[in-house]
Amino acid sequence: MKIISIVAVGFILLLLLAMDKKQIQKVMERFSVFWFRLAFAFLILFAMNVAGGFIGLYVPVNIASGLLLAVLGIPGFATICAFALFL
């Protein structure tokens, strides 16, 4: 496991050395947008869990549902609501 992580970090550093400044800025901007979306997704999941608790509806707050909501957006929200309603 340790060797795999060292190889992955080395590969990422090699890619960063091969990019120019504008490409690095674009990649970092995309990462920051993704992390903001993930944090906002967990905020929405928490609010759904609190609001759903009043009517007896449990919404799971975990990394899988957070990633689903962060990547898919509105369709992810509908999917999580359907999972909470039917499961």
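Positions are given from 1 along the sequence.
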Does M48 belong to the same Ile/Leu/Val/Met/Phe/Trp/Tyr cluster as L43, with side-chain heavy atoms less than 4.5 Å apart forming each link?
->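 Yes; tracing contacts between hydrophobic side chains, which count when under 4.5 Å, links both residues.
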Can you tell me how far OG1 of T79 sits from CG of L68, rounded to the nearest 0.5 angstrom?
->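 That separation rounds to 5.5 Å.
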Interatomic spacing from CD1 in I80 to CG in L45 - rounded to 0.5 Å =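 If we round to the nearest 0.5 Å, I80:CD1 and L45:CG are 5.0 Å apart.
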Can you give me every donor-acceptor pair (side chain of residues 34-42, partner residue at least two apart or in another chain, under 3.5 Å) with its distance?
{"from": "R37", "atom 1": "NE", "to": "A70", "atom 2": "O", "distance (Å)": "2.9"}
{"from": "R37", "atom 1": "NH2", "to": "A70", "atom 2": "O", "distance (Å)": "2.8"}

Going by atom type alone, with no hydrogens or angles, which donor-acceptor pairs under 3.5 Å involve a side-chain atom of residues 54-64 and a protein atom two or more places apart or on another chain?
{"from": "N62", "atom 1": "OD1", "to": "A64", "atom 2": "N", "distance (Å)": "3.4"}
{"from": "N62", "atom 1": "OD1", "to": "S65", "atom 2": "N", "distance (Å)": "2.9"}
{"from": "N62", "atom 1": "OD1", "to": "S65", "atom 2": "OG", "distance (Å)": "2.8"}

Show the atom names and distances, to 0.1 Å, of all donor-acceptor pairs under 3.5 Å that link a side chain in residues 2-29 to residues at least two apart or in another chain.
{"from": "S5", "atom 1": "OG", "to": "K2", "atom 2": "O", "distance (Å)": "2.8"}
{"from": "D20", "atom 1": "OD1", "to": "Q23", "atom 2": "N", "distance (Å)": "3.3"}
{"from": "Q23", "atom 1": "OE1", "to": "D20", "atom 2": "N", "distance (Å)": "3.4"}

